[in-house]
2 protein chains.
Amino acid sequence: MDDISPIRAKSGTNQEGTSAHNRRVMIEALRLNGALSRADLARATQLTKQAVSNIIEDLESDGLVIALEAVRKGRGQPSTPYRLVPEGAFAIGLQIDRHLTRAVAVDLVGSVLARAEANLPFDEPSKGVEVILGLVGGVRRELSQMSAQSEERLVGLGVAMPGPFGLKNSDDKWMMPAWQKFPLLETLAEGTGLNVSLQNDAAACATAERIVGAAHGVDHAVCLYVGYGIGAGLILNGELYSGGYGNAGEIGMALLSPAGPGSTPLEHRASLASLYQHLGLNPADDDIYQQMNGLVAAEDPKIIAWIDGAAHDLRWSVHLIETIFDPQTVILTSGAPEALARRLVEAMHPLLPSIADRPERNLPRLQLGTTDPWSIALGAAAAPISRAFDPLFSAILKTRSRGA
Amino acid sequence: MDDISPIRAKSGTNQEGTSAHNRRVMIEALRLNGALSRADLARATQLTKQAVSNIIEDLESDGLVIALEAVRKGRGQPSTPYRLVPEGAFAIGLQIDRHLTRAVAVDLVGSVLARAEANLPFDEPSKGVEVILGLVGGVRRELSQMSAQSEERLVGLGVAMPGPFGLKNSDDKWMMPAWQKFPLLETLAEGTGLNVSLQNDAAACATAERIVGAAHGVDHAVCLYVGYGIGAGLILNGELYSGGYGNAGEIGMALLSPAGPGSTPLEHRASLASLYQHLGLNPADDDIYQQMNGLVAAEDPKIIAWIDGAAHDLRWSVHLIETIFDPQTVILTSGAPEALARRLVEAMHPLLPSIADRPERNLPRLQLGTTDPWSIALGAAAAPISRAFDPLFSAILKTRSRGA
DNA sequence: CTAATTAAGTCAAGCGAATTGACTTAATAG
DNA sequence: CTATTAAGTCAATTCGCTTGACTTAATTAG
């Protein structure tokens, strides 16, 4: 089952790896800077003009970049800027949550082109998969009507669902136990014919912030996601970090004090689930979002009390995150209505002192990220895009040929 | 001062990057597996036999690897294993602490070949640098008597000192304020002619555990260092993570509860400084180590009380670390005598439940790492070795040519 | 208006590191 | 003794980046 040889080693690389890396570097540069000429790219990437020219030519013929009008800027031959072609690649993203599932189709630059949602049977994964495959099929058809080449340009299916994954069987009903055991990825891969990847919802949120949000181009950011549960998506050295077993950032289970097993996990105090409980709301209600919005607008004392309590714990979470990661910024995202999230961020100020409290900052210590309920699905879809086009260490390595 | 162009992009690569990466992969494979034949290396790294042969030939002529006796193992031509040559490279490591400074010289495989220590004037960096340069010169001379080529094979000087670095000027006397302002790296670079790099002491401890300790070959490990202060060295994806501004892992400043600025930082409860204070010991005493050892051996009630208190907080720190990083293992290292550290680890059990509490673990959740007081200096020295020989993403990138 | 300058981008040859496939060497199994 | 298996070499090839000269097209100086 495992490798025959117990030899531990990283994989080597060759010119293919070089070329793949350089292509990815170009794409990232265009993503971060909008439009660049070949000369700009050569300077930025340290490659020669000629190498850049060849790569750009390739990318152009692959339909990933396109030339804009030449621009005159001072002396010398005018330069021809290039930009990414959004229709150069597509991915499907899937958010699977407790009572709900959403699918989106996005393009190379992270625009959402199609979306669909449905209710999900909480404890019946095999039925749920039918629903999910239906949604995926739907956005996929919609996508193919927008672009003739969508199918061959589809790089994968990214799935986001609440973690943690792969623990001992737990009956904690917050954790969707039935889904934890179900061979979801295999089933989806077979049902769609796509490459399938999995991340937890907080990681997906971070991925979303990275492709189109506040973490765009930021190499060290932590994305606090306050959803039904709470988690942190970690962007370290420009890549999503998922830990030794894929569960990094699952801070919902962090105990709030050293007092032992009896102490409360963060998730029970600062999550929408705790809010619903506090307010006596039913998360399965269709108008839960409007209910929350209304309560915030009305400055309902109970919701204000919850905000203060949650802010108290979140303020400290930010302190810990800053102390541990020393990130450039912390981004709070939420599935709650924007007004609520904004109140929460305001209530978290003033922040606790920490090493992040330094003079020459250029990003805020804490900022409000997206509150779009679709951003998890977007982040899910962004993962395959990132894997296919971002400059990653793993992308230069030779891939292990499928051994028998 | 800064880049002229505001274009953000990663650097590209070329055949030099490929070659550098492959060399590093070979070296790492030999480091992790002891001795491997060319055929083994080819299988492990996915390179062709021929490529491996060429690289090994190069490494051999560079004096970094050497052939062992051919071994017969079943059918086929006997294989010739290669191993690293310890004398293939050297580095100097420097620990600068509050009252003390240590220098070591290590070789390619992390063996300490020379060591020296001296007292350090706490608040007079300019005098201190004289002392430090003296120590470095000493181990360097000692080294050159052991190996004729030591000078040209010296890859750098690694410095470890208590962080955090680069904050607002603080008068916290735990933080060696005078040293924070002093242009230490520049002075040392000039004084030694070596490449100088800096990390905090916990990071150095993690680096040490990685090259010769419990984290050898482990890609996701967190090293808790209980020294005068307390910190965490983070090994993520096989590389040391140092955060956006170099201060990741400085958990000594983490507040122990969400109760606000008045709450206690971890460092004030679980660090040797807190122990000294608790016991009324003077950390500048020469026999402080023996004093602690004696108290532990005598089961002194005050030290037992401290152990229980510190273990309480450390247990929770491990819980948080596991919840946030999902590492393969947590390693506790300390500058305290081994008996004390062992008692501390024992007192931390049973550990708090966390996502690390999974069935199919192959490493312990918490293990005792080194308690050798010289390991910080060793880790400091290991940093330049790692930078020069480990397969790092940054090592494949083209280096920016020095612009005017 | 002309010439000099500056910068973008191309052309064609060259280079270097991994690949390929045949070959050699040297052991064991039968 | 022969077939088989595996390590390792040889020589030619490939592929992507580099090099340096060249072309194109703009602005600036006189």
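Chain naming here is simple, since letters A, B, ... match the order of the sequence lines and numbering starts at 1 in each. Please read these numbers as outputs of a predicted model, since none were measured by experiment.
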> Judged by atom type as modelled, is there a donor-acceptor pair below 3.5 Å linking the side chain of Ser11(A) to the main-chain atoms of Lys398(A)?
Replying inline: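 Indeed, once roles are kept as given, a pair shorter than 3.5 Å links the two residues.
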> Between the main-chain N or O of Ala214(A) and the side-chain N or O of Glu209(A), is there a donor-acceptor pair closer than 3.5 Å?
Replying inline: yes
N or O in side chain of [X] less than 4.0 angstrom from [N] OP1/OP2:
X: Asn14(B); N: dG16(C); result: no
X: Lys49(A); N: dC17(D); result: no
X: Thr80(B); N: dA7(D); result: no
X: Lys73(A); N: dA25(D); result: no
X: Asn22(B); N: dA18(C); result: yes
X: Thr48(A); N: dT18(D); result: yes
X: Arg72(A); N: dA7(C); result: no
X: Ser37(A); N: dA8(C); result: no

Starting at atom [atom1] of [X], determine the distance to atom [atom2] of [N], rounded to an integer number of angstrom.
X: Asn54(A); N: dG9(C); atom1: CG; atom2: P; answer: 13 Å
X: Gln77(B); N: dT4(D); atom1: CD; atom2: P; answer: 19 Å
X: Arg43(A); N: dT6(C); atom1: CZ; atom2: C1'; answer: 12 Å

> Taking for each residue the nucleotide of DNA chain D bearing the nearest heavy atom, is the 5' side occupied by Gln50(B) or by Arg75(B)?
Replying inline: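 On the 5' side of the pair lies Arg75(B).
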> Taking everything shown except Glu69(B) itself, do over 12 heavy atoms lie less than 6.0 Å from its CD?
Replying inline: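 No, CD of Glu69(B) has 12 or fewer neighbouring heavy atoms, counting only those of other groups under 6.0 Å.
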> For the side chain of Gln15(A), counting heavy atoms from C-beta on, which of dA18(C), dG16(D), dA8(C) is nearest?
Replying inline: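 Looking only at heavy atoms from C-beta outward on Gln15(A), the closest nucleotide is dG16(D).
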>> The side chain of Thr18(A) is closest to which nucleotide in this list: dA18(C), dC17(D), dG8(D)?
In response: dC17(D)
> DNA chain C: Tyr82(A) or Thr13(A), which has the more 5' nearest nucleotide?
Replying inline: Tyr82(A)
> Can the ring centres of His21(A) and Phe393(A) be said to be less than 6.0 Å apart?
Replying inline: no
> With a 6.0 Å cut-off on ring centres, are Tyr241(A) and His220(A) close enough?
Replying inline: no
